[in-house]
Each structure stands twice: as structure tokens, then as C-alpha cells.
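Just below is one structure, and these are the notes that go with it.
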Amino acid sequence: MVVKVYGPVYASPKRVLVCLLEKEVEFETIPVDLLTGENRRPEFLKLQPFGSLPVIQDGDYTLFESRAIIRYYAEKYKSQGTDLLGKTMEDQGLVQQWLEVEAHNFEPPVLNLVRQIMFSSFYGLTGDKKVIKESEEKLGKVLDVYEDRLSKSKYLAGDFFSLADLSHLPFTNYLVGPVGKEHLIKERKHVSAWWDDISSRPSWKKVLDTYGLPF
């Protein structure tokens, strides 16, 4: 059964697409236009009652929330494709730890920068300079922790590429691209090397080539 992934042009669904490619799982994509409110239509709300993306349908099984989805497929197809969870319980604990760090410490300030710089510009508005400054400072402190961690291991959970690294791809791509804050990555030697590594993976390049930059 081919997995259906809704909303491939947006950032969070791209987490799912990269995971499926790494796990060598066949999928098809279903476009959802947030700007015209397709995500608020009754048929979509039956799949995702909060009206957000992504959603997957795998036969009769429906799942939403991008990190829940990538955890599901990394476990379901653990012996297939790239092992994104680690070989030992200790490895798996670190993967889950850094995946939580990405969700609760990394993405929130990046998302603030995306909203205040990229989205504001898209709608012809001026971002809140105070929020931008505070978010950049907060993100800088998070990246200092990453710099220390990545000085000791190639990837966040150890010396293997995992869900913890994969989950950073869409929003870091915003950061170094349309948000214009690439210096936050490049001025940290180990973070910069890590980003160059994970962003050059064939799976991520294929997602960008096929579905474009995260919207």
C-alpha cells in the first residue's frame, strides 16, 4: 500500500518525505493549499481535526503530527533503509532526547524568525524588531549547546544520522535561506559542518528538487 502524504510543499511535511525516502518507503503526495483554506474543509478535518499539516494515510491507518509520523516509520521499517533510531537502547534514548530538543528548544525561536521576517515580508508587513532580536538571541544560546555537543560527536545522537538530525532540515533551511540568518549556523564551526553534512543528503536534495523550498 502506497503511503499518502498531504501538503508536500510545506515545511513540516518535508520531514515526513525525507524520512520515507531514507526508509525506502513508497509514497504519493496530495497537495493541500493553506492559502485558500483547503485545510479547513470538512473532508480534510476528518483526517486532521486541527487543520494542520502533515497528515499521512497508510491504508486504513491515518496519522498526523510530523514527529509522530517519522517516529512511526522509523520503527515500522527499522530493518529497512537508513537506521534512524540507533542500534542500542542508549542510542535510541539520545535520538528521542535530541528530537525533543529540536521540537521544544530549536524550532520555536526559528519559527518566530520565520513569521517575523519571511512571512511578514511575504504579506508586505514589517516584522517586530524586538521579537526578532529576542528570538535570535534565544536561538544563539541553543546553537551554542549544539556546538558543544557536535564537537564531541558527528551527529546529535552520536556518530550516526538519525531522526534528531533529520527533523532539523526544513526549518534550518528557512534559517539559512529566506530568513537570512545563515551566520548563526556558519559562525559555529561544528554546527556548520553538521548542517553541510545533513543538508547534502540525497534524500533532502530530492525533496527540494521535487517539491521546492519549504513554504
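Values below: every heavy atom of this structure, side chains too, minus hydrogens, waters and symmetry copies. Everything numeric in this text was worked out from a predicted model, so none of it was measured.
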How would you list, by chain and number, every residue that makes a ring-ring contact (aromatic ring centres under 6.0 Å, His included) with Trp98, sequence neighbours excluded? Tyr146
Show the nearest heavy-atom pair for residues [X] and [Y], with the distance to one decimal.
X	Y	result
Gly86	Asp91	CA-CB, 3.7 Å
Gln92	Leu85	CG-O, 3.0 Å
Lys23	Lys78	NZ-O, 3.5 Å
Pro108	Ala103	CD-O, 3.4 Å
Pro13	Gly7	CG-O, 3.0 Å
Leu143	Phe106	CD2-CE1, 4.0 Å

With the side chain counted from C-beta on, respond yes when [X] and [Y] share a heavy-atom pair under 4.5 Å apart, and no when they do not.
X	Y	value
Leu113	Leu175	yes
Leu53	Ser12	no
Ile117	Lys181	yes
Leu47	Phe64	no
Arg15	Phe171	yes
Asn173	Lys14	no
Leu17	Pro8	yes
Val55	Phe44	yes

Can you tell me how far apart [atom1] ([X]) and [atom2] ([Y]) are? Round to the nearest 0.5 Å.
X	Y	atom1	atom2	answer
Ile70	Glu22	CD1	CD	11.0 Å
Arg115	Tyr174	CZ	OH	11.0 Å
Asp165	Glu102	CG	CD	10.5 Å
Leu169	Ser199	CG	OG	7.5 Å
Ser153	His190	OG	NE2	10.0 Å
Ile198	Ser167	CD1	OG	9.5 Å

Does a side chain donor of either Tyr155 or Asp197 reach within less than 3.5 Å of an acceptor in the other side chain? yes
When you compare the side chains of His183 and Glu187, does any donor N or O come within less than 3.5 Å of an acceptor on the partner? no
Ser192 side chain vs Lys189 backbone, donor-acceptor pair below 3.5 Å: no
May I ask you to decide if Leu84's main-chain N or O and Thr82's side chain share a donor-acceptor pair within less than 3.5 Å? no
Under a 4.5 Å side-chain heavy-atom rule over Ile, Leu, Val, Met, Phe, Trp and Tyr, are [X] and [Y] clustered together?
X	Y	value
Tyr61	Ile69	yes
Leu45	Ile30	no
Val2	Leu21	no
Val114	Val131	no

Can you confirm whether more than 12 heavy atoms, excluding those of [X], are under 6.0 Å from its [atom1] atom?
X	atom1	answer
Glu26	CD	no
Phe50	CZ	no
Lys205	NZ	no

Do Arg41 and Asp33 meet the salt-bridge criterion of a basic N to acidic O distance under 4.0 Å? no
Between Glu136 and Lys129, is there a side-chain N and carboxylate O pair less than 4.0 Å apart? no
Before we go on, tell me: are the rings of Tyr73 and Phe27 under 6.0 Å apart, centre to centre? no
Can you list everything that forms a side-chain contact (heavy atoms from CB on, under 4.5 Å) with Lys133? Sequence neighbours excluded, please. Glu137
Checking Val101, Val191, Leu156, Asp144 against Arg149 for side chain to side chain contact (heavy atoms under 4.5 Å, CB included), the one that qualifies is Leu156
